[in-house]
Amino acid sequence: MGGKVDSEHTHRSFSRRNLFQIGAVTAGGLVAGSAVAACSSSAQDVAASSTTTTMAVNNPQDALARLMAGNARFVSGEVLSQGQDATRRAAVSDTQTPYAVILSCSDSRVAPEIVFDDGIGDLFIARVAGNTATTPIVQGTIEYAISSLGSVLIMVLGHENCGAVKAALGSVHGDPPPPGQIGAFVEPIIPAAQSVQSLPSDQQLNAAIQQNARNQCALLKSLQPIIAPEISSGKVNVVAAEYELVSGKVLLLN
Ligand SMILES: [Zn+2]
């Protein structure tokens with residue numbers, strides 16, 4: 001396993017990095033630049049280089065800046081919709097180099113490629129109700145993107161008004177177990193639901209949504225043998241975020 005991973009790491013070269021079109025200076029680009037300025041210095045760098053035609057995403061800072069710039073375009077309505085045509089389909093048909101992994105809820109209102117104004121082959125996405133990373137299948141899916149595809153950022157994306165988190169709160173409050181296998185995706189959210197019980201009832205849902213995203217983020221950061229060493233070396237990062245259904249904004253969580 002270790003040898004395989006090591007050999008795969010040799011593919012972490014510039015040539016395998018995902019190149020993307022920043023595009024010319026457009027209204028969307030300017031809006032994106034101003035909106036991401038508060039995220040990080042890297043975000044400002046991306047905004048400042050908005051006249052650049054291509055830019056490599058080969059570190060977690062640039063990956064996060066690209067995600068947030070795309071979300072700012074989505075919020076403003078000034079989307080670029082790049083990488084969604086026949087040229088892009090052909091370009092990535094042999095191999096994929098998605099720069100980021102998104103672990104999001106299956107909720108029909110949370111569609112990562114749309115929310116981040118990204119294209120085909122850009123994002124490696126694991127979706128499960130409640131955006132939890134506790135099962136081997138989800139963990140392995142994310143590990144594969146990191147070790148074999150060269151993704152450099154993992155974002156755990158919770159969202160406003162999440163039904164899975166509501167169900168977890170209901171469970172804590174004594175609701176009967178849900179039917180079928182529904183409880184399987186509710187159970188991993190229980191710790192987050194329990195952690196917000198001292199809050200006023202009208203604040204518990206959003207607090208639990210955010211805590212659940214943070215919990216999954218912490219779990220992924222500690223995951224041996226693939227993700228944790230990459231975090232330690234600074235090659236990969238994991239962040240937690242929450243998507244607002246009405247505004248379309250993605251808020252980074254500490
Ligand atoms: Zn949800």
Side-chain angles (χ1 to χ4, degrees), residues 64 67-68 70-72 74-75 98 100-118 122-143 145 151 153-197 199-221 223 227 237-254:
L64 183 59
L67 283 177
M68 299 310 287
N71 179 245
F74 172 66
V75 169
V101 180
I102 310 294
L103 172 57
S104 73
C105 186
S106 299
D107 193 294
S108 62
R109 300 162 294 184
V110 187
E113 284 95 343
I114 296 174
V115 166
F116 295 109
D117 189 27
D118 252 320
D122 290 329
L123 301 176
F124 200 84
I125 300 169
R127 295 183 70 166
V128 60
N131 45 269
T132 53
T134 54
T135 68
I137 291 175
V138 171
Q139 293 175 2
T141 298
I142 296 172
E143 288 176 336
S151 302
L153 179 71
I154 303 165
M155 176 180 280
V156 179
L157 184 61
H159 69 94
E160 202 173 30
N161 205 19
C162 181
V165 178
K166 280 184 185 174
L169 283 169
S171 179
V172 170
H173 296 157
D175 287 356
Q181 296 299 324
I182 293 173
F185 71 73
V186 175
E187 190 275 337
I189 310 171
I190 297 290
Q194 289 173 328
S195 74
V196 301
Q197 292 307 301
L199 295 175
S201 58
D202 63 346
Q203 296 177 20
Q204 289 186 7
L205 177 57
N206 207 51
I209 288 166
Q210 295 187 356
Q211 189 56 47
N212 180 52
R214 291 190 191 97
N215 288 352
Q216 308 314 315
C217 182
L219 170 60
L220 289 170
K221 281 184 172 177
L223 211 56
I227 297 177
N237 196 16
V238 190
V239 297
E242 181 184 13
Y243 175 69
E244 293 184 339
L245 294 179
V246 176
S247 74
K249 288 181 182 174
V250 171
L251 309 175
L252 292 176
L253 306 173
N254 293 323

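Atoms within each ligand, like the ligands themselves, are counted from 1 in listed order. Residues: numbered from 1 along the sequence shown.
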> Which residue pairs pass the salt bridge (Lys or Arg N to Asp or Glu O under 4.0 Å) test when at least one of the two sits in residues 100-109, sequence neighbours left out?
Replying inline: Asp107-Arg109

>> For Gln181, is the CD atom crowded, meaning more than 12 foreign heavy atoms sit under 6.0 Å from it?
In response: no

> In chain order, what residues pass the salt bridge (charged side-chain N to carboxylate O under 4.0 Å, His left out) check against Arg127, with sequence neighbours excluded?
Replying inline: none

> Any side-chain donor-acceptor pair under 3.5 Å between Gln197 and His173?
Replying inline: yes

>> Given 3.5 Å as the limit, does a donor-acceptor pair link the side chain of Gln204 with the main chain of Leu199, or not?
In response: yes

> If you leave out waters, which protein N, O or S atoms are less than 2.8 Å from the Zn ion (ligand 1)?
Replying inline: Cys105 SG, His159 NE2, Cys162 SG

>> If the condition is side chain to side chain donor-acceptor pair (under 3.5 Å), which residues does Asn131 pass it with, not counting sequence neighbours?
In response: none

